[in-house]
Protein chains: 2
Amino acid sequence: MNTPPASVNPVQQLENQLCFPLYAASRMLTKAYQPYLQELDLTYPQYLVLLLLWEHDELTVKALGEQLLLDSGTLTPLLKRMEQKYWLSRRRDPADERMVLIRLLPAGRALQAQACHIPAQLLEKLTLTPTEFEALRRQLQHILTQLA
Amino acid sequence: MNTPPASVNPVQQLENQLCFPLYAASRMLTKAYQPYLQELDLTYPQYLVLLLLWEHDELTVKALGEQLLLDSGTLTPLLKRMEQKYWLSRRRDPADERMVLIRLLPAGRALQAQACHIPAQLLEKLTLTPTEFEALRRQLQHILTQLA
DNA sequence: AATTATTTAATTGCGTACAATTAAAACTTG
DNA sequence: CAAGTTTTAATTGTACGCAATTAAATAATT
C-alpha cells in the first residue's frame, strides 16, 4: 500500500546489493577491533599504520598511502596524532624535501607485542574455516584489484 | 636490516589479514559509486537511506538505524541534510512522540528512476560471475551475522 | 640556466561514524 | 498514581575519509 508494486525494483533492494553488506561488514569488523585497540589507545586506521611500520620501520607518507589506499588528507592529521603519542616520528627526507619519512619509535615498537594476539582473537569471532577465510580474502582482493 | 627477523609476525602482516581487504574494498566500492551518485547530489549513505525509503515510503529513524546499522548520531544530521533538499520529511509520530517518522517526498521518489541503473553499472566494474557474487554476498552476510 | 611540468604533503571544507551524554516520552511497577 | 526504568532521538566531541586546492621541492625541457 505504501509502495506501489512497480517501484519495487529487486536490484534496488538493500539485501540484493553487494555494496551494503561490504560497507556494513567493514564497519562491524572495525567495531569488533575496538575493545582490543582501545586498551592500546589506538584507532583502527592507526593500527593499520603500525602494522606497516612494524614490518618496515621507516616509510614515506606516500608509501603508507599507497599500501593503505589513503591520501595525505587522511594520513597527515592521523600521523600527527600518532607523533604526539611518541609512537612515530615525522621528518622531511634530507635527500628529497618533498617527502616525509615516518619512522617507528620505541613506544610504537612496544605496542607490537601487546597487539600480537589481536588477529587471532578477531578471527575467532568470525567463525570462518581456513578455506572460507582464504576464499573471502581472495574475492575481496579481486574487488580491490578491479577498483583500485 | 630495518626489520629484525623476530619481529615479522605473519599474522601481523597487512596482506594476511581479512580486516584490511574488507576495509579497503568497502572504501573503494563506495568511491566507485561516487561518479554516479554525484550526478544526483547524493552521498553513499544517503543513497542507502533512499534504497530503504523507495521500498517502504515511511520509516522511523530507529528502523533505518536497525537496517543500516547506524545510530542517531550518524542518522540525525544526515537526515536533516536530506530534509533540506526536500527528498524526505521528518516529523514526530503523533502516537509516540519519542519516534521520528521519515517519509519519502516526491523529489526523493524522483531520484529512484534516475538511480535505477547504478547497481548494474557497478556490478559491471566488479567483473564477478553470478556465482562469485552470491558466494561473496553470503560470506559477508555471515560476518555481519557474527558481528552485529 | 630559465621555464615549465611533475611530485609530494599539507590544508581546507564537508560528510560521515561512533562513543558518550542528555532529554523527553512512554512504560512498568509497587 | 508516583517513582523509577526503558526507549528513542538529539547533541557533543573526536577521528576519519576524501575531493579540491595550495605550496614547496624536484625533474624535465628547451
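A, B, ... follow the sequence lines: proteins, then strands. Residue 1 opens every chain.
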Value rounded to 0.5 Å, distance of [atom1] in [X] from [atom2] in [Y]:
X	Y	atom1	atom2	value
B:Gln146	A:Lys125	CD	NZ	11.0 Å
B:Leu18	A:Leu122	CG	CG	9.5 Å
A:Gln67	B:Phe20	CD	CZ	8.0 Å

Does A:Tyr23 put a side-chain nitrogen or oxygen below 4.0 Å from OP1 or OP2 of C:dT16?
no
[atom1] of [X] versus [atom2] of [N]: gap in Å, rounded?
X	N	atom1	atom2	value
B:Glu97	C:dC27	CD	C1'	16 Å
B:Lys62	C:dA26	NZ	P	16 Å
B:Leu42	C:dC14	CG	P	19 Å
B:Arg98	C:dA25	CZ	P	11 Å
A:Lys31	C:dT16	NZ	P	17 Å
A:Gln34	C:dA19	CD	C1'	8 Å

With no hydrogens and no angle check, is any side-chain donor or acceptor of B:Arg92 less than 3.5 Å from a backbone partner on B:Glu97?
yes
For DNA chain C, whose closest nucleotide is more 5', that of B:Leu70 or that of A:Glu66?
A:Glu66
Stretch residues 71-88 of chain A: residues that reach within less than 4.0 Å of DNA chain C through a heavy atom:
A:Ser72, A:Gly73, A:Thr76, A:Lys80
Side chain to side chain contact (heavy atoms under 4.5 Å, CB included) against B:Thr131, all qualifying residues, sequence neighbours excluded
B:Thr129
Answer with base, sugar-phosphate or nothing: what part of the nucleic acid does B:Thr60 contact at a heavy-atom distance below 4.0 Å?
sugar-phosphate
Is A:Gln46 touching bases, backbone alone, or none of the nucleic acid, heavy atoms closer than 4.0 Å?
sugar-phosphate
Under 4.0 Å from any heavy atom of chain A: name the first and the last nucleotide of DNA chain D that qualifies, 5' to 3'.
D:dA15 to D:dT26
Does a side-chain N-to-carboxylate-O contact under 4.0 Å join A:Arg138 and A:Glu134?
no
Distance-only side-chain donor-acceptor flag, B:Arg81 / B:Gln84, under 3.5 Å
no
Is the A:Tyr47 ring parallel, tilted or perpendicular to the A:Tyr33 ring (thresholds 30°, 60°)?
tilted
Pick the nucleotide of DNA chain D nearest each of B:Val61 and A:Asp96; which residue has the one closer to the 5' end?
B:Val61
Heavy-atom side-chain proximity of A:Ile143 to B:Met28 below 4.5 angstrom:
no
